Amino acid sequence: MTVNPLKAQDVWKDVGEHVQFTVLKFKRIDRAKTQAAIQEFADRSQAIIRSLRIRDSHLATESSLKVAMGFSETAWEYLFPNQPKPAELETFSGVKGPEYEMPASTGDLFFHIRASNEAVVYEAQTQFMRFLNNITDVVDETKGFRYFEGRAIIGFIDGTEAPAVEDAADYALIGDEDPNFTNGSYAFAQKWRHNMDFWGQLNNETQEKAIGREKFTDLELEDDDKFKNAHNVASKFEKNGEEQKIVRMNVPFSDPASGNTGTYFIGYSRYWSVTKGMLTNMVDQSDYLLTFSDILSGQLFFVPSRDTLADIAEGVYNQ
């Protein structure tokens, strides 16, 4: 079975104008009730998405609604104890380097919802929760937005290192190496809070050396012009001498009056080991971003293909 992007959830498409990330945790009071609710939700969620795309579409344009939902390892084992699980699905326990660490956080269900209309994002999550309220508690709910020119909140163009759209599926979607879960994806979600006052006091040259690119043009600096722990150096991961890629979507969030501003990072990958290798390199090399950031959360989720969601809806995974 080969990769077919049409059978995947929205794991490599555009970031969106309005974005919501939601992490839920099962109440774990009644396993059978939870399994039945997720079975129904796997079906109803797809109908909700189809309906909202019709409601949001206009004569000249299609709806921009895109949704990806996933399960953590703990959720998978709770819901489907008698079924195999994706080959690289594990519980992220954090990574630690000589100066900084990336902590893990809890969570069973993950949602990445985005659209050009905030009302559509709101309605999607609201309708989803009608089927999940009784079996889950909210761990985190973060609203993000598109910053000027698609830049990260720290002012640099985002996504330059991600694969081009036409190539993205091969980096984001599981293939023949795990045939039971082809067209699924490993999603790593991580919430960063930045000290924007610290960052804003740095001059333009220092910021460019810290990121490894020119701020205005987005051109990559020569290696000798970067800090040794520049972000695009520290986050690079190679395997057998070849640089590995994932689909990255960094989304700004902020409560500007209180100064709570940061980046919600979501990385979709065919191989979790690639994303984990990048994270490990970042702490091992003390990525410059870590000098002015606190990492608030981090967990791995498996995003099933639409075929797998259909099997869950039909009760195949409850056997």
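Quick note: residue numbers are just sequence positions, from 1. What you see is a predicted model; the values in this text were computed from it and never measured. Values below: every heavy atom of this structure, side chains too, minus hydrogens, waters and symmetry copies.
Here the side chain of Ser57 pairs a donor or acceptor atom with the backbone of Ile54 at under 3.5 angstrom. The backbone N or O of Ala47 lies less than 3.5 Å from no partner atom in the side chain of Ser51, so there is not a single donor-acceptor pair. With Ser105 contributing its side chain and Gly298 its backbone, the two residues share a donor-acceptor pair below 3.5 Å. Looking at Gln201, its side chain never comes within 3.5 Å of a backbone N or O of Trp199 through a donor-acceptor pair. For Asn260 (side chain) and Asp255 (main-chain N/O), no donor-acceptor pair under 3.5 Å exists by modelled atom type. Listed for the Asp178 side chain is a donor-acceptor partner under 3.5 Å among the backbone atoms of Ala87. Although no hydrogens or angles enter the test, the distance criterion places a donor-acceptor pair under 3.5 Å between the side chain of Arg151 and the main chain of Lys215. The backbone N or O of Leu24 sits nowhere less than 3.5 Å from a side-chain atom of Asp108 that would complete a donor-acceptor pair. Looking only at distances, no side-chain donor or acceptor of Asp287 sits under 3.5 Å from a matching main-chain atom of Ala234. In terms of modelled atom types and a separation under 3.5 Å, the side chain of Asp284 and the main chain of Gly97 share no donor-acceptor contact.
In this structure, the side chains of Val303 and Tyr186 stay at 4.5 Å or more apart for every pair of heavy atoms. Under the 4.5 Å side-chain criterion, counting only non-hydrogen atoms from C-beta, Phe198 is in contact with Thr291. At least one side-chain heavy atom of Leu52 sits less than 4.5 Å from a side-chain heavy atom of Ile48. Side-chain contact check for Val233 versus Gln285: some heavy-atom pair is nearer than 4.5 Å. Between Gln35 and Pro81 the shortest side-chain heavy-atom distance falls below 4.5 Å. In this structure the side chain of Val19 never reaches within 4.5 angstrom of the side chain of Lys143, judged on heavy atoms. Residues Ile154 and Ile211 are in side-chain contact: their nearest non-hydrogen atoms beyond the backbone lie under 4.5 Å apart. Using a 4.5 Å heavy-atom cutoff, the side chains of Lys236 and Gln244 are not in contact.
Of all the heavy atoms in Val23 and Gly107, the pair that sits closest is CG1-CA, 3.6 Å. Among all heavy-atom pairs drawn from Val67 and Gln9, the shortest one is O-OE1, 3.9 Å. Of all the heavy atoms in Thr74 and Thr91, the pair that sits closest is CG2-OG1, 3.8 Å. The shortest heavy-atom contact between Ser286 and Asn229 is O-ND2, 2.8 Å. Taking both residues in full, the closest heavy atoms of Tyr147 and Pro252 are given as CB-CG, 3.9 Å, listed atom of the first, atom of the second, then distance. The minimum heavy-atom distance between Gly262 and Ile153, with the atom names listed, is O-CG2, 3.9 Å.
The cationic atom of Arg28 (NZ for Lys, CZ for Arg) lies less than 6.0 Å from the six-membered ring centre of Tyr78 and within 45° of the ring axis.
A side-chain donor-acceptor contact under 3.5 Å links Ser63 and Asp56. At a cut-off of 3.5 Å, with distance as the only test, a side-chain donor of Asp158 or Asn250 sits close to an acceptor on the other residue.
Atoms CG and CD, on Asp225 and Glu214 in that order, are 9.5 Å from each other to the nearest 0.5 Å. Distance check, rounded to the nearest 0.5 Å: CH2 of Trp76 to CG of Leu89 gives 8.0 Å. Taken to the nearest 0.5 Å, the CD1 atom of Ile312 stands 8.0 Å off from the CG atom of Leu79. One finds the CG atom of Asp218 at 10.5 Å from the CD atom of Glu208 (value rounded to the nearest 0.5 Å). Here the CD1 atom belonging to Ile135 is positioned 5.0 Å from the OG1 atom belonging to Thr34, to the nearest 0.5 angstrom. Separation of atoms CD1 (Ile113) and CG (Leu65) is listed at 7.5 Å; rounding is to 0.5 Å.
By the 4.0 Å N-to-carboxylate-O rule, Lys276 lies too far from Glu88 to be salt-bridged with it. With respect to Asp137 and Lys25, no salt bridge is recorded, no charged nitrogen being found less than 4.0 Å from a carboxylate O. Taking a cutoff of 4.0 Å between a charged side-chain nitrogen and a carboxylate oxygen, Lys66 and Asp14 qualify as a salt bridge. The pair Asp223-Lys226 counts as a salt bridge, with a side-chain nitrogen and a carboxylate oxygen less than 4.0 angstrom apart. The existence of a salt bridge linking Arg114 and Asp10 is excluded, since no basic side-chain nitrogen approaches an acidic carboxylate oxygen closer than 4.0 Å. Under a 4.0 Å N-O distance rule, the pair Lys85/Glu73 qualifies as a salt bridge.
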Query raised in the report: Can Lys191 and Asp140 be said to form a salt bridge (charged side-chain N to carboxylate O under 4.0 Å, His left out), step by step?
Result: CA-CA 10 Å; Lys191 189 173 180 179; Asp140 183 71; 3.1 Å; yes

Requested in this report: Quick one: do Ser72 and Gln299 satisfy side chain to side chain donor-acceptor pair (under 3.5 Å)? Show the steps, please.
Outcome: CA-CA 8 Å; Ser72 68; Gln299 192 50 258; over 6 Å; no

Requested in this report: List the steps, then state whether side chain to side chain donor-acceptor pair (under 3.5 Å) holds for Thr22 with Gln20.
Outcome: CA-CA 6 Å; Thr22 304; Gln20 173 143 339; 3.2 Å; yes

Report task. Apply side chain to side chain donor-acceptor pair (under 3.5 Å) to the pair Ser64 and Asn117, showing each step before the final yes or no. Result -> CA-CA 8 Å; Ser64 61; Asn117 185 345; over 6 Å; no

Requested in this report: In sequence, state the C-alpha distance, the side-chain angles, and the governing distance for Thr206 and Asn203, and then conclude on side chain to side chain donor-acceptor pair (under 3.5 Å).
Outcome: CA-CA 5 Å; Thr206 301; Asn203 62 34; 2.7 Å; yes

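When ring centroids are compared, Phe292 and His194 come within the 6.0 Å threshold. Annotation: Phe227 is in aromatic contact with Tyr288 [ring centroid separation under 6.0 Å]. Close placement of the Phe92 and Phe188 rings is indicated, their centers lying within 6.0 Å of each other. Aromatic ring centres of Phe302 and Phe71 lie farther apart than the 6.0 Å criterion allows. Centroid-to-centroid, the aromatic rings of Tyr100 and Trp192 stay 6.0 Å apart or farther.
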Which pairs of donor and acceptor atoms, one on a side chain in residues 126-133, lie under 3.5 Å apart (sequence neighbours left out)?
residue	atom	partner	partner atom	Å
Thr126	OG1	Tyr122	O	2.7
Gln127	NE2	Glu123	OE2	2.9
Asn133	ND2	Met129	O	3.0

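Relative ring orientation between His112 and Tyr268 is described as parallel, the plane-to-plane angle staying below 30° on a 0-90° scale split at 30° and 60°.
By the ring pair (Phe, Tyr, Trp, His ring centres under 6.0 Å) test, Tyr271 pairs with no residue at all, sequence neighbours left out.
More than 12 heavy atoms of other residues, nucleotides or ligands shown are found within 6.0 angstrom of NZ on Lys27. Residue Arg53 qualifies as enclosed at atom CZ: its count of foreign heavy atoms under 6.0 Å is above 12. The number of heavy atoms from other shown groups lying within 6.0 Å of CD (Glu242) does not exceed 12. For Lys7, the NZ atom sits in a loose shell: 12 or fewer heavy atoms of surrounding residues, nucleotides or ligands are nearer than 6.0 Å.
Under a hydrophobic-cluster definition in which Ile, Leu, Val, Met, Phe, Trp and Tyr are linked whenever side-chain heavy atoms come within less than 4.5 Å, directly or via other members, Leu309 and Ile38 are assigned to the same cluster.
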